[in-house]
Amino acid sequence: MIQKYLAGRLKIETVAIAIPNLMPAKIKISHLTDFHYDGKRLSDRLLKQAIAASNQWEPDLVVLTGDYVTDDPQPITQLAYFLKHLESRYGIYAVLGNHDLHHMYSRSLITETLQGIGIRTLWNEALYPLSHSNLQLVGMPDYWDRAFDAAKVMGQVDPQQPCLVLSHNPDSVLEFSGHPVTLQLSGHTHGGQIVIPGMGPVLAKMSDWRPPRWLLHSLPSDRANCHKVVKHWEWAEGLHQVGHQQLYVNRGLGTYMPGRFNCPPEVTWLELYSSATTTLPRNTA
Ligand SMILES: [Fe+2]
């Protein structure tokens with residue numbers, strides 16, 4: 001019940017992104033992230049709304065960018081009961097977040113449970129998710145996991161074709177700076193959760209703040225470590241140009257205490273379109 005007041009209302013963000021040489025000329029993607037399904041941080045009501053919103057977009061692909069649980073991975077079983085209602089024309093792909101790796105068995109349990117409902121979890125893998133498209137999809141382990149290996153996975157990618165990366169932590173975009181990545185989709189930040197109009201996420205202003213030792217012991221570990229969440233709070237949400245790449249950061253669905261302000265939970269409706277189609281001169285004879 002408390003999530004209803006802490007999280008606020010779901011917001012659908014519609015984002016059109018130009019992808020050079022994309023075939024076909026338009027691909028619809030639904031992006032969901034950061035569920036934190038643990039009985040405290042995401043209500044079943046909001047989860048159902050998010051799944052309905054995703055289905056309403058009638059996406060070609062659905063992508064999930066991690067943090068299905070918070071600590072104990074067991075709730076993934078109940079979460080899967082809801083996620084199996086996600087609809088996609090050509091498949092549902094997932095990557096794991098830092099919270100999906102807290103225990104030795106977390107990765108296998110979450111991966112196998114998602115697999116059981118037809119969701120493929122990518123771990124340093126590249127593939128073509130649409131048989132009629134040149135779009136390549138790369139899925140990464142969590143950035144803080146030692147298995148994260150951008151160079152290895154990019155060796156599997158055709159540099160001449162568009163490449164979409166799924167990577168939970170937006171800081172990881174810098175690992176692809178020398179590689180032909182067109183767009184990265186991330187979550188992890190929850191948008192900062194508390195956003196002051198005209199100022200941005202409060203956490204961005206606190207990124208250099210270290211709780212004093214006496215306070216460190218009395219704070220829950222997740223808040224005591226809030227300054228460690230990301231280095232680049234300037235990418236806390238929305239679309240950014242980082243070098244030659246585009247980065248989109250979804251605010252996610254789950255909510256930590258003390259809640260959200262001016263930072264609603266999000267489902268993203270992405271429309272990738274071939275930039276070649278928009279740069280053609282108009283009214284040419
Ligand atoms: Fe998260």
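Both ligands and their constituent atoms are indexed starting at 1 by order of listing. The first residue of the sequence shown is numbered 1, and numbering continues consecutively from there.
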**OP:** Compute whether any side-chain donor of one residue and acceptor of the other, for D72 and H102, lie under 3.5 angstrom apart.
**Re:** no
Original post:
Do Y105 and Q74 come close enough that some side-chain heavy atom pair is under 4.5 Å?
Top reply: yes
Original post:
Below 2.8 Å, any N, O or S contact between H190 and the Fe ion (ligand 1)?
Top reply: yes
**OP:** May I ask you to check whether Q184 and S172 show a side-chain donor-acceptor distance below 3.5 Å?
**Re:** yes
**OP:** Please name the atom of D34, restricted to N, O or S, that is closest to the Fe ion (ligand 1).
**Re:** OD2
Original post:
Which atom, counting only N, O or S, brings D67 closest to the Fe ion (ligand 1)?
Top reply: OD2
Original post:
With a cut-off of 2.8 Å, does any N, O or S atom of H99 fall short of it relative to the Fe ion (ligand 1)?
Top reply: no
Original post:
Do H190 and H36 make the cut of ring centroids closer than 6.0 angstrom?
Top reply: yes
Original post:
Which word best sums up how the rings of H99 and Y256 line up, parallel for under 30°, tilted for 30 to 60°, or perpendicular for over 60°?
Top reply: tilted
Original post:
Of all N, O or S atoms in H36, which has the smallest distance to the Fe ion (ligand 1)?
Top reply: NE2
